[in-house]
Amino acid sequence: MSSARCSCTKEANPEVHVLAVDDSSVDRALVAHILRSSKFRVTTVDSGKRALELLGLERNVSMIITDYWMPEMTGLELLKKVKESSELKDIPVVIMSSENVPNRIKSCFEEGAEDFLLKPLRPSDVSRLCSRVLR
């Protein structure tokens, strides 16, 4: 992970590269818009499988933000694969879900999630991510 600090100002911070993973094109667009408006570099993919493929090629991802419920591979399964990889394990993973299910949230934290956000994502969530995850 880059040692650059996220300033959360309007200054461009191209060093902070966020991989946004969501099977919903609407949610993916919303997340990308909010992150880009905070001057993050954003790459979006529609599945955990594609996220892993991209992570195999792209070595400069600062953070992964992923939906929990997706076909083929859940966000929790993606989180586990990232944390099991010696090359990827240091990348912070944030899980998003529209469902506030305490046991699911607890499982994500136990597997190494940095944060758990409830959808819809709000600009204030990006500020929180900035201060908690990208320090």
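As the structure is a computational prediction, the values presented were derived from the model and not from experiment.
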Practice problem: To the nearest 0.5 angstrom, please state how far the CG atom of Asp27 sits from the CG atom of Leu121. | Solution: 9.5 Å

Self-check item: Side-chain heavy atoms of Leu129 within contact of Met63, under 4.5 Å
Solution: yes

Quiz item: Atom CG of Leu118 and atom OG of Ser98: how far apart are they, to the nearest 0.5 Å?
Solution: 8.5 Å

Quiz item: Could you state the interatomic distance from OG1 (Thr43) to CD1 (Ile64), rounded to the nearest 0.5 Å?
Solution: 11.5 Å

Self-check item: Taking every non-hydrogen atom, the tightest pair across Ile95 and Ala113
Solution: CG1-CB, 4.1 Å

Quiz prompt | Derivation and outcome, salt bridge (Lys or Arg N to Asp or Glu O under 4.0 Å), residues Lys119 and Asp125 | solution = CA-CA 10 Å; Lys119 289 182 180 181; Asp125 294 326; over 6 Å; no

Practice problem: For Lys81, look at atom NZ and say whether over 12 heavy atoms of other residues, nucleotides or ligands are found less than 6.0 Å away. | Solution: no

Quiz item: Would you say Thr66 and Met96 make side-chain contact, with heavy atoms under 4.5 Å?
Solution: no

Side-chain donor-acceptor pairs of residues 101-111 under 3.5 Å, sequence neighbours excluded:
from   : atom 1 : to     : atom 2 : distance (Å)
Arg104 : NH1    : Glu99  : OE1    : 2.6
Arg104 : NH2    : Glu99  : OE1    : 3.3
Ser107 : OG     : Asn103 : O      : 3.0

Quiz item: At what distance, to the nearest 0.5 angstrom, does CG of Leu79 lie from OH of Tyr68?
Solution: 10.0 Å

Exercise. Report yes or no: does Glu58 contribute a side-chain atom to a donor-acceptor pair with the main-chain N or O of Leu55 at less than 3.5 Å?
Key: no

Quiz item: When Val21 is tested against each of Leu78, Val31, Asp67 for side chain to side chain contact (heavy atoms under 4.5 Å, CB included), which residue passes?
Solution: Leu78

Quiz item: With no hydrogens and no angle check, is any side-chain donor or acceptor of Arg128 less than 3.5 Å from a backbone partner on Ser124?
Solution: no

Quiz item: Are the side chains of Arg59 and Glu87 in touch, meaning some heavy atoms are under 4.5 Å apart?
Solution: yes

Without placing hydrogens or testing angles, list every side-chain donor-acceptor pair under 3.5 Å for residues 44-53, not counting sequence neighbours.
from  : atom 1 : to    : atom 2 : distance (Å)
Asp46 : OD1    : Arg50 : NE     : 3.0
Ser47 : OG     : Arg50 : N      : 3.0

Quiz item: Is it true that a side-chain atom of Ser85 and a backbone atom of Val82 form a donor plus acceptor pair closer than 3.5 Å?
Solution: no

Quiz prompt | Where Lys83 and Gly112 come nearest, the two heavy atoms and their spacing | solution = CE-O, 3.6 Å

Exercise. Looking only at non-hydrogen atoms, find the nearest pair between Pro92 and Ser62 and report the distance.
Key: CD-O, 3.1 Å

Quiz item: Side-chain contact, heavy-atom cut-off 4.5 Å: Ile65 with Leu19?
Solution: no

Quiz item: Do any N or O atoms from the side chain of Lys89 and from the backbone of Glu84 form a donor-acceptor pair under 3.5 angstrom?
Solution: no

